[in-house]
2 protein chains.
Amino acid sequence: MLTQRAKYGLRAMALLAANCPPGGTISIPDLAQGGHIPPKFLEAILLDLKRHGFLTSRRGKAGGYALARPAERIAIGDLIRALDGPLAPIPCASLTAYRPCTDCADPPSCAIRRLMREVRDAMAQILDGTSLAQFAASAGTEPAADIMAEMR
Amino acid sequence: MLTQRAKYGLRAMALLAANCPPGGTISIPDLAQGGHIPPKFLEAILLDLKRHGFLTSRRGKAGGYALARPAERIAIGDLIRALDGPLAPIPCASLTAYRPCTDCADPPSCAIRRLMREVRDAMAQILDGTSLAQFAASAGTEPAADIMAEMR
DNA sequence: GATAAACCCTATCGAGTCTGTGGGGATTAC
DNA sequence: GTAATCCCCACAGACTCGATAGGGTTTATC
């Protein structure tokens, strides 16, 4: 389950990718307003993303946040890992944060683990294969036909 | 995130698929012992799976549970939906249980929704494409080489 | 240097979910 | 009639999640 926290974090990162001038920054109040995000909550999220190395910040008046590297080199999968933890539906199926189940005698032969490993790999392929740049560019563009069809 | 509840439910269903004699049943105490599952918790889970139409039951002495239809015709995806809710990481990306986000002005143009729809589709392809029969058969067989490699 | 704007940090609260248990009631084989 | 079993409800304890409060620190500007 993608948390509200991750949703806010992705939205703020997309705003930065789309609107931050080269060398400049965007402040929390501006990002909060642009993304309809509670400011204090956003503050905690951005601080965390900074600690994970995705953002740089400038303090003091006229300060704010900026991407630590080009949006093309930030994977959505890594952002979600930083915001919500491992992608895998279950810890024993995670590559980046493996932890065995306490009640599973033999992980290699566990059917649940194998299936969830498949699911994890499929998720990772999509999320690690999508850059923040692609993600930000996708916002607001023409909706795909199949999505339109579902909106009845 | 796959809950403990879903894990227990899948394990119990696999036990039924593998060990339930034709026309017979298996009792909660037996399933609980075979799957290392707290009996009262399992009781609630099986009752729920019965209400969803995956199980039949016989009450009274020598009673128990049995699959309501052949394991080949039960999709793991449907079991997980019954146990944990929608597969999609976010309700606005669900096909079977769509609910719009309150804070999203225009769902069709939402980048998060589009990406999570992709993720949902990939998960559904795997989980709806795997039958309980395949799942049960996979348990205990030789582990794949790549999984072995990770166990150092 | 005073001021205001902004980032940094910690604590905490309320609501909800998840795991697991307890105590019965109803049904059925023997 | 008895014991085993499914059915049902209530609830407790731990945890997570969203959100807020209240400061402390840094810096541009006047």
Grab the two heavy atoms, one from R69(A) and one from F54(A), that are nearest each other, plus how far apart they are. NH2-CE2, 3.7 Å
Trace of the side chain to side chain contact (heavy atoms under 4.5 Å, CB included) decision for M116(B) with C92(B): CA-CA 9 Å; M116(B) 290 307 134; C92(B) 71; over 6 Å; no
Taking any heavy-atom pair under 4.0 Å as a contact, classify L46(B): base, sugar-phosphate, or nothing. nothing
Output the single nucleotide from dC7(C), dC6(D), dG20(C) whose closest atom is nearest the side chain of Y65(A). dC7(C)
What's the closest nucleotide to the side chain of R5(B) if the choices are dC7(C), dC6(D), dT19(C)? dT19(C)
Examine dA5(C): is either OP1 or OP2 under 4.0 Å from a nitrogen or oxygen in the side chain of S27(A)? Give yes or no. no
To the side chain of K61(B), which of dC9(C), dA3(D), dA28(D) is closest? dA3(D)
Take the protein atom CD1 of I37(B) and the nucleotide atom P of dT19(C), then report the distance between them rounded to whole Å. 13 Å
Tell me the interatomic distance from L83(B), atom CG, to dC18(C), atom P, rounded to whole angstroms. 12 Å
Please check: side-chain N/O of H36(B) versus main-chain N/O of A32(B), any donor-acceptor pairing under 3.5 Å? no
Euclidean distance, atom CZ of residue F41(A) to atom P of dT12(C) [Å, nearest integer]: 19 Å
Take atom CD1 of I28(A) and atom P of dT25(D), then tell me their distance rounded to the nearest Å. 18 Å
Contact nearer the 5' end of DNA chain D, comparing T3(A) with R51(B): R51(B)
Using whole Å, report how far CD1 of I90(B) lies from P of dG18(D). 11 Å
Is it the case that dC8(C) (base atoms only) and E43(A) (side chain only) share a donor and an acceptor within less than 3.5 Å, ignoring hydrogens and angles? yes
Between dA29(C), dC8(C), dG18(D), which nucleotide has the shortest distance from any of its atoms to the side chain of K40(A)? dC8(C)
Residue closer to the 5' end of DNA chain C, A62(B) versus Y8(B) (nearest nucleotide): Y8(B)
For K50(B), answer base if it contacts any base atom (sugar-phosphate contacts may also be present), sugar-phosphate if it contacts only those atoms, and nothing otherwise; contact means non-hydrogen atoms under 4.0 Å. sugar-phosphate
Can you figure out which of dG18(D), dC8(D), dT5(D) approaches the side chain of Q4(A) most closely? dG18(D)
How many angstroms lie between atom CG of D30(A) and atom OG1 of T25(A), to the nearest 0.5 angstrom? 9.0 Å
Return yes if the base of dT25(D) and the side-chain atoms of R59(A) contain a donor-acceptor N/O pair under 3.5 Å, otherwise no. yes
What one should report as the nearest heavy-atom pair of A124(B) and L87(B) is CA-CD1, 3.8 Å
Using whole Å, what does the distance between atom C1' of nucleotide dG18(D) and atom CG of L42(A) come to? 13 Å
Atom CG of L47(A) and atom P of dT10(C) are separated, to the nearest Å, by 9 Å
Atom CG of D30(A) and atom C1' of dA5(C) are separated, to the nearest Å, by 12 Å
OG on S131(B) to CD1 on I76(B), rounded to 0.5 Å: 7.0 Å
Does G60(A) reach a base, just sugar-phosphate, or nothing at all? Heavy atoms under 4.0 Å. base
